[in-house]
Amino acid sequence: QSALTQPASVSGSPGQSITISCTGTSSDVGSYNLVSWYQQHPGKAPKLMIYEVSKRPSGVSNRFSGSKSGNTASLTISGLQAEDEADYYCCSYAGSGTWVFGGGTKLTVL
Amino acid sequence: QVQLQESGPGLVKPSGTLSLTCGVSGGSISSTNWWNWVRQPPGKGLEWIGEIYHSGSTNYNPSLKSRVTISVDKSKNQFSLKLTSVTAADTAVYYCATRGSSSFDPWGQGTLVSVSS
């Protein structure tokens, strides 16, 4: 069970859109629509932003959206704001009752 | 709204056993949720450790399975983590979190456990 692959860092200017990829395998991301995304600010616990690939929990801005194609899931943040600067982690069900996280992506708002 | 709070020693000796408890408030541990442990070494990413259902059914990360035990205490509305034979590589912030069906939400605030002599 290997960690899902995310870019180490992405950046964008306020108002722009960015996309963070999360690449797994046919045993995890590719097999299940059970991908979720978490936002983590320094020193804080992760916060759920997207679940089941593209669903947004109540209270999460509609600037956050998710999608999946094959073994790769993506998180898109539109209309970037300074408060979006954080680390982002994807997570997928990996079968046999197990779950696997991505290595994390640091988003910098320029 | 369910709230989770981790508790336990912040320092464990190498080769010892790490023991943490997660108290659940605002909801029952006997609900349909699974109860999870996730850890994060300093400056690194999240690692799923394992989970338990109120019935006692468990799932563990294969890479940690030989050293991990997760248990539940319904009378105290809490669940616990034991990790044996710890080394410096087990130094991390340990989070408890609940999983409904497909995602982890909410999370506890996390507790730092250092492994050092």
Side-chain angles (χ1 to χ4, degrees), chain A residues 1-9 20 22 27-29 31-60 64 66 68 73 75 86-106, chain B residues 1-7 20 22-24 33-66 68 70 89 92-113:
Chain A
Q1 187 184 57
S2 299
L4 306 175
T5 300
Q6 297 181 233
S9 64
I20 299 171
C22 169
S27 297
D28 37 60
V29 175
S31 286
Y32 309 97
N33 288 326
L34 295 176
V35 176
S36 50
W37 289 90
Y38 302 85
Q39 176 191 66
Q40 186 181 37
H41 286 110
K44 300 295 187 181
K47 174 188 175 185
L48 177 66
M49 304 303 284
I50 295 288
Y51 67 102
E52 292 176 10
V53 175
S54 59
K55 297 178 181 178
R56 267 191 317 276
S58 174
V60 172
F64 291 83
K68 190 186 88 166
L75 173 71
D87 294 327
Y88 291 84
Y89 294 90
C90 61
C91 179
S92 174
Y93 182 63
S96 301
T98 66
W99 299 80
V100 61
F101 283 92
T105 298
K106 180 177 180 59
Chain B
Q1 171 73 327
V2 171
Q3 291 185 313
L4 307 176
Q5 178 68 59
E6 306 89 349
S7 61
L20 295 173
C22 182
V24 179
N33 288 9
W34 286 77
W35 305 94
N36 284 257
W37 289 98
V38 177
R39 70 180 182 178
Q40 184 172 36
K44 297 188 177 180
L46 301 170
E47 180 180 32
W48 180 75
I49 299 171
E51 63 182 8
I52 190 166
Y53 197 63
H54 63 79
S55 63
S57 295
T58 54
N59 294 307
Y60 295 130
N61 186 323
S63 67
L64 297 170
K65 187 172 184 176
S66 64
V68 173
I70 298 176
V93 174
Y94 286 77
Y95 293 99
C96 57
T98 189
R99 179 177 70 79
S101 58
S102 61
S103 53
F104 302 95
D105 179 55
W107 298 58
Q109 65 184 28
T111 187
L112 174 63
V113 179

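Chain letters run A, B, ... following the sequence lines, proteins first and then strands; every chain starts at 1.
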Separation of A:Gln40 CD from B:Trp107 CH2 (nearest 0.5 Å): 8.0 Å
B:Val38 portion near chain A, given a 4.5 angstrom heavy-atom threshold: side chain
Inter-residue atom distance B:Phe104.CZ - A:Tyr89.OH, 0.5 Å rounding: 14.5 Å
Spacing of OG1 belonging to A:Thr98 relative to NZ belonging to B:Lys65, to within rounding of 0.5 Å: 10.0 Å
Residue B:Ser101 versus chain A: region with a heavy atom under 4.5 Å: both
Engaged part of A:Gln6 at the chain B interface, taking heavy atoms whose separation is under 4.5 Å: neither
Side chain / backbone / both / neither for A:Ser92 at chain B, heavy atoms under 4.5 Å: neither
A:Lys44, part contacting chain B, at a heavy-atom distance under 4.5 Å: backbone
Minimum side-chain heavy-atom gap A:Pro46-B:Leu46 below 4.5 Å: yes
Contact class of A:Tyr32 relative to chain B, heavy atoms under 4.5 angstrom: neither
For B:Ser103 against A:Tyr51, the heavy-atom pair lying closest together: OG-CB, 3.6 Å
Closest non-hydrogen atom pair, B:Ser102 against A:Ser36: O-OG, 4.2 Å
Over 12 foreign heavy atoms within 6.0 Å of CD, B:Gln5: yes
Shortest non-hydrogen separation from A:Gly97 to B:Glu51 and the atoms involved: O-OE2, 3.7 Å
